[in-house]
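Okay, structure first, notes after.
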Amino acid sequence: MANLIVLNNNFKIWALSEAEDTVLIASYLKIKRYASKRYDEFREFEHWYFVKGSALPEKYLHLINSILLHRGLDAIKLHEGPASGYSYKRGPRKVRERARICSTLEGTS
């Protein structure tokens, strides 16, 4: 389960488990081609999530879910729970893990 971190009332981020990162990346791959051409904020998400290796801000989760629903796909549902060691990874370590997941998913499609 994801660990929801509330920095203030306007900024909430999700520290995702490996399974949740996998679900998010699988959904990302389904909408990537469509969304990256149409949404500047989607490109910001890509940088934040895949280049910086940061946790997932709530605003990007809402953006991805709205695009998924617009495309007739299922939204991502996260539930609060305790964080794992994987959830606390940040920066280059998280970037490598997400690249590995993305590569695995792209190889199976």
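We're numbering straight along the sequence, starting at 1.
- Follow the hydrophobic side-chain contacts under 4.5 Å out from Leu56 and you never reach Val95; the two are in separate clusters.
- Contact check for Leu4 versus Glu58: side-chain heavy atoms found under the 4.5 Å cut-off.
- Every pair passing salt bridge (charged side-chain N to carboxylate O under 4.0 Å, His left out) that includes a residue from residues 41-57 is listed here, sequence neighbours excluded: Asp40-Arg43.
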Full working for side-chain contact (heavy atoms from CB on, under 4.5 Å) between His70 and Tyr34: CA-CA 11 Å; His70 177 75; Tyr34 169 81; 3.2 Å; yes
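- Hydrophobic clustering, with ILVMFWY side chains joined whenever heavy atoms are under 4.5 angstrom apart, groups Leu105 together with Ile31.
- Considering every non-hydrogen atom in both Ile76 and Asn65, the closest pair reads N-OD1, 2.6 Å.
- Using a 4.5 Å cut-off on side-chain heavy atoms (C-beta onward), Tyr28 and Ile64 make no contact.
- Between Phe45 and Tyr49, the angle of the ring planes stays under 30°, which puts this pair in the parallel group of the 30/60° scheme.
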CA sep, side-chain torsions, deciding dist, call: Glu80, Trp14, side-chain contact (heavy atoms from CB on, under 4.5 Å): CA-CA 9 Å; Glu80 276 190 74; Trp14 291 93; 4.2 Å; yes
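- To the nearest 0.5 Å, atom NZ of residue Lys30 and atom CD1 of residue Ile25 are 13.0 Å apart.
- Taking 4.5 Å as the limit, every side-chain heavy atom of Leu78 sits out of range of all side-chain heavy atoms of Leu24.
- Note: the hydrophobic cluster containing Tyr60 also contains Val6 (ILVMFWY, side chain heavy atoms under 4.5 Å, direct or indirect links).
- The line from CG of Leu29 to NZ of Lys32 is 6.5 Å long, rounded to the nearest 0.5 Å.
- We find that Lys89 and Glu18 are not joined by a salt bridge, their nearest charged nitrogen and carboxylate oxygen being 4.0 Å or further apart.
- Closest approach of Asp74 to Leu68, counting heavy atoms only: O-CD1, 3.5 Å.
- Judged by the 6.0 Å and 45° rule, Lys94 forms a cation-pi pair with Tyr86.
- The ring-ring contact (aromatic ring centres under 6.0 Å, His included) check on Tyr88 picks up nothing, with sequence neighbours excluded.
- Of the possible polar contacts, one joining the Ser66 side chain to the Leu63 backbone as a donor-acceptor pair under 3.5 Å is found.
- At distances below 3.5 Å, at least one donor-acceptor pair connects side-chain atoms of Trp48 with backbone N or O atoms of Ala55.
- A pairwise comparison of heavy atoms in Arg90 and Ala15 identifies NH2-CB, 3.7 Å as the closest pair.
- Within the model, atoms OG of Ser27 and CD1 of Ile67 stand 11.0 Å from one another, a figure rounded to the nearest 0.5 Å.
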Lys37/Arg33 under side-chain contact (heavy atoms from CB on, under 4.5 Å): CA gap, chis, key distance, verdict: CA-CA 7 Å; Lys37 294 176 185 173; Arg33 195 173 312 174; 4.2 Å; yes
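- Separation of atoms OG (Ser54) and NE2 (His47) is listed at 8.0 Å; rounding is to 0.5 Å.
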